[in-house]
Amino acid sequence: MMNLLKLSRRYLSILSLIVIASTALTACKSVTSSDTVDYKSAGAVRGPNLSYPPDLITAQADRRYIVQDGTATMSEYNSAVKKSTQMRSNVMTGIPGMRIARDGERRWLVVEKPAPELYPQVKDFWQENGFLLVIDSPSTGIMETDWAENRAKIAQDWIRSTIGGALDTIYDTGERDKYKTRLEVSKPGETEIYITQRGAIEKCTTDTTGACLSTIWTPRPNDPELEAVFLARLMERLGMTQEQAKAMVAVPLGPKTPKAKFVQEGTNQAYIELSAGFDRSWRDVGLALDRSNFTVEDRNRSSGVYYVRYVNPKDLGDTKGFFSNLFSSKDESGMKAKKYQVLVKSTGENSANVYVQGADGKPENTPAGYQLLTLLTEQLTK
């Protein structure tokens, strides 16, 4: 009798949903969006809570800049954004001299304004687009978002359009993205803004029959178009019209120009040889670091040094790989992350070399140093 009662209630619930959907369909048109990027609903996550991986937790000295974890409630987040918005002026003034710069397949934004004035606006921009920041360091001009889901990739069928609010948690793209933003002072009164994207995709681990036993998160290729979308949005946020921003970003990119070569001299020294001057090499190495598992803690352009941390996936001791822990709340950064210096050294008007050094500034002529140089070479030739 009890089972029969439960079954009846289940059918009544399903029938109620169908009636609600039918009524809503007759009352209004389905709502769809032409936008291809929407992270504002990223709070709905299947499985473990979204969190940042262990290699990207900032150092203890920068703890004051961090959103402490990825479990903040949406009401708390909305309240913080509302408070931030109230503190800003409601009228944005356009910034003169704003343009998109290009080099091969890379884009970045150049703004004729000092970095300290731009940083708060860029920070507000990411929060307004539905992201939480896990790295927020005004002193270094670096910020990084938490992992988030692009909900615009979910098909807007009539059921979700009608009662999507009630069933939204069962929809999942199986993909996550995070974005790094770096502000570089190219010359007095001018700032370069770089946005780089990293992605992950959920994949099945199968048995011998092909049945899905569980899922793990694995990296997916960088998406330059997502970077372009947010560059255009940032230009709008800084005062440019939507049409102008999209037109600037839409200009075709140049051809690929591989210009990095891994060089090993005997068993004592290895480096990357770049066929570009210091300024271009410095920029390319910074982007390569942003798109890898490196965390840039600080940098000294005049000395040509990036101070970085890196977590080797093999050091995590997980047979499923680093990305199986991608959204875990476990903090292993203290014992896994290692510090290095990446040195960019000019060797001529159109050439430079890149070296990996230990935290003490001495050459890292070890298998680990060679591995890091190989990873950077792969990024520099993309």
A.B. asks: Answer whether the closest heavy-atom distance between the side chains of Lys345 and Tyr355 falls below 4.5 Å.
C.D. replies: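 Sidechains of Tyr355 and Lys345: in contact.
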A.B. asks: Would you call Arg182 and Glu184 a salt bridge, taking side-chain N to carboxylate O under 4.0 Å as the test?
C.D. replies: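 Salt bridge: yes.
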A.B. asks: Consider only side-chain heavy atoms of I, L, V, M, F, W and Y, link residues closer than 4.5 Å, and tell whether Val111 and Ile100 are in one cluster.
C.D. replies: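 Val111 clusters together with Ile100.
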A.B. asks: Taking side chain as C-beta onward, heavy atoms only, is Leu289 less than 4.5 Å from Val308?
C.D. replies: yes
A.B. asks: Tell me whether Leu133 shares a hydrophobic cluster with Leu234, the cluster being built from Ile, Leu, Val, Met, Phe, Trp, Tyr side chains joined at under 4.5 Å.
C.D. replies: yes
A.B. asks: Using a distance-only test with no angle check, is there a side-chain donor-acceptor pair under 3.5 angstrom linking Asn222 and Arg198?
C.D. replies: no
A.B. asks: Could you check whether any side-chain heavy atom of Asp284 comes within less than 4.5 Å of a side-chain heavy atom of Arg280, counting everything from C-beta outward?
C.D. replies: yes
A.B. asks: Quick one: does Asn129's side chain get under 4.5 Å of Arg237's, heavy atoms only?
C.D. replies: no
A.B. asks: Going through the distances and angles, do Tyr307 and Val296 end up as a side-chain contact (heavy atoms from CB on, under 4.5 Å)?
C.D. replies: CA-CA 6 Å; Tyr307 300 91; Val296 178; over 6 Å; no
A.B. asks: With side-chain contact (heavy atoms from CB on, under 4.5 Å) as the test, would you mind laying out the steps for Val354 and Leu274 before giving the verdict?
C.D. replies: CA-CA 8 Å; Val354 181; Leu274 299 177; 3.7 Å; yes
A.B. asks: Checking Arg220 side chain against Ala200 main chain: does a donor-acceptor pair fall under 3.5 Å?
C.D. replies: yes
A.B. asks: Thr196 side chain to Arg291 main-chain N or O, any donor-acceptor pair under 3.5 Å?
C.D. replies: no
A.B. asks: Looking only at heavy atoms, which two atoms of Gln379 and Ala288 are closest? And how far apart?
C.D. replies: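 The answer is CB-CB, 3.7 Å.
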A.B. asks: Checking Val37 against Leu226 for the side-chain contact (heavy atoms from CB on, under 4.5 Å) test, could you report, in this order, the C-alpha distance in whole Å, the side-chain angles of both residues, the deciding distance, and whether it holds?
C.D. replies: CA-CA 8 Å; Val37 176; Leu226 281 175; 3.8 Å; yes
A.B. asks: Got a second to check how far Thr218's OG1 is from Lys203's NZ, nearest 0.5 Å?
C.D. replies: 4.5 Å
A.B. asks: Mind checking whether Met143 and Val122 have side chains closer than 4.5 Å, heavy atoms only?
C.D. replies: yes
A.B. asks: Heavy atoms only: give me the nearest Pro138-Asp136 pair and the separation to one decimal.
C.D. replies: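 Smallest heavy-atom distance, with atoms named: CD-O, 3.5 Å.
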A.B. asks: Atom OG of Ser292 and atom CG of Leu376: how far apart are they, to the nearest 0.5 Å?
C.D. replies: 6.0 Å
A.B. asks: Do Val342 and Leu373 land in one hydrophobic cluster if side-chain heavy atoms of ILVMFWY residues count as linked below 4.5 Å?
C.D. replies: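 Val342 and Leu373: one cluster.
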A.B. asks: Are any side-chain N or O atoms of Arg102 and backbone N or O atoms of Val251, one a donor and one an acceptor, separated by less than 3.5 Å?
C.D. replies: yes
A.B. asks: Pairing donors with acceptors under 3.5 angstrom, does anything connect the side chains of Tyr119 and Glu117?
C.D. replies: no
A.B. asks: Side chains of Ile201 and Trp217: does their closest heavy-atom pair fall under 4.5 Å?
C.D. replies: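 SC-SC contact between Ile201 and Trp217 ruled out.
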A.B. asks: If we ignore hydrogens and angles and just use 3.5 Å, is the side chain of Lys180 paired with the main-chain N or O of Glu144 as donor and acceptor?
C.D. replies: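 It does not hold such a pair.
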A.B. asks: Considering only NZ, NE, NH1 and NH2 on the basic side and carboxylate oxygens on the acidic side, decide whether Arg107 and Glu227 come within less than 4.0 Å.
C.D. replies: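 Answer for the salt bridge query: no.
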A.B. asks: With the 4.5 Å side-chain cut-off for hydrophobic clustering, are Leu183 and Trp126 part of the same group?
C.D. replies: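 Result: yes, single cluster for both.
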A.B. asks: If you measure from CD on Glu112 to CG on Leu118, what distance do you get to the nearest 0.5 Å?
C.D. replies: 11.0 Å
A.B. asks: Angle between ring planes, Phe230 versus Phe125, binned at 30° and 60°: parallel, tilted or perpendicular?
C.D. replies: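 Perpendicular, since the angle between the ring planes exceeds 60°.
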A.B. asks: Between Gln341 and Ala359 (side chain of the first, backbone of the second, donor and acceptor by atom type, cut-off under 3.5 Å), is there such a pair?
C.D. replies: yes
A.B. asks: Considering all heavy atoms of both residues, which atom of Met235 and which atom of Ala245 are nearest to each other, and what is their separation?
C.D. replies: CB-CB, 3.9 Å
A.B. asks: Do you know which of Thr191, Leu238, Val249, Ile195 makes side-chain contact (heavy atoms from CB on, under 4.5 Å) with Leu109?
C.D. replies: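 Testing each of Thr191, Leu238, Val249, Ile195 against Leu109, the sole residue satisfying side-chain contact (heavy atoms from CB on, under 4.5 Å) is Leu238.
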A.B. asks: So, Arg301 and Asp279, do they make that salt bridge, N to O below 4.0 Å?
C.D. replies: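 Salt bridge between Arg301 and Asp279, a charged N being under 4.0 Å from a carboxylate O: yes.
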A.B. asks: Restricting to non-hydrogen atoms, name the atom on Ala260 and the atom on Leu380 that form the minimum distance, rounded to 0.1 Å.
C.D. replies: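 Shortest heavy-atom contact: CB-CB, 3.6 Å.
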A.B. asks: Which pair of heavy atoms, one from Ser346 and one from Gly348, lies closest together, and at what distance?
C.D. replies: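 Closest pair (atom of Ser346, atom of Gly348, distance): OG-O, 3.4 Å.
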A.B. asks: For the residue pair Tyr306 and Trp282, categorise the inter-ring angle as parallel (less than 30°), tilted (30 to 60°) or perpendicular (more than 60°).
C.D. replies: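 Taking Trp282 first and then Tyr306, their aromatic rings lie parallel (interplane angle under 30°).
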A.B. asks: Go through the side-chain N and O atoms of Ser137 and Thr140 and say whether any donor and acceptor fall under 3.5 Å apart.
C.D. replies: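 Yes.
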A.B. asks: What distance separates Glu192 CD from Glu190 CD, expressed to the nearest 0.5 Å?
C.D. replies: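 Spacing of CD (Glu192) from CD (Glu190) equals 7.0 Å.
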A.B. asks: Any side-chain heavy atom of Tyr310 within less than 4.5 Å of one from Lys339?
C.D. replies: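 No, their side chains stay 4.5 Å or more apart.
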A.B. asks: For residues Ser281 and Ala352, report the shortest heavy-atom separation together with the two atoms involved.
C.D. replies: OG-CB, 3.5 Å
A.B. asks: Working to the nearest 0.5 angstrom, can you tell me the gap between Ser139 OG and Asp298 CG?
C.D. replies: 7.0 Å
A.B. asks: Taking atom types as modelled and ignoring hydrogens, do the side chains of Gln371 and Thr374 form a donor-acceptor contact shorter than 3.5 angstrom?
C.D. replies: no
A.B. asks: Decide yes or no for Tyr370 and Glu364: does some side-chain heavy atom of the first lie under 4.5 Å from some side-chain heavy atom of the second?
C.D. replies: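 Side chain of Tyr370 against side chain of Glu364, heavy atoms only: no contact under 4.5 Å found.
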A.B. asks: Could you verify whether a donor N or O on one side chain and an acceptor N or O on the other, from Glu175 and Thr173, lie under 3.5 Å apart?
C.D. replies: no
A.B. asks: Are the side chain of Thr381 and the backbone N or O of Glu378 linked by a donor-acceptor pair below 3.5 Å?
C.D. replies: yes
A.B. asks: Establish whether Trp108 and Met248 are linked, either directly or via other cluster members, by ILVMFWY side-chain heavy-atom contacts under 4.5 Å.
C.D. replies: no
A.B. asks: With no hydrogens and no angle check, just 3.5 Å: does a side-chain donor-acceptor pair link Gln197 and Asp177?
C.D. replies: yes
A.B. asks: Quick check for you: to the nearest 0.5 Å, what is the distance between Glu297 atom CD and Arg309 atom CZ?
C.D. replies: 4.5 Å
A.B. asks: Check whether any side-chain N or O of Asp146 sits under 3.5 Å from a backbone N or O of Val134 as a donor-acceptor pair, and report yes or no.
C.D. replies: no
A.B. asks: Taking the six-membered ring where the residue is Trp, are the ring centres of Tyr179 and Phe131 under 6.0 Å apart?
C.D. replies: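 Distance test on ring centres: under 6.0 Å, yes.
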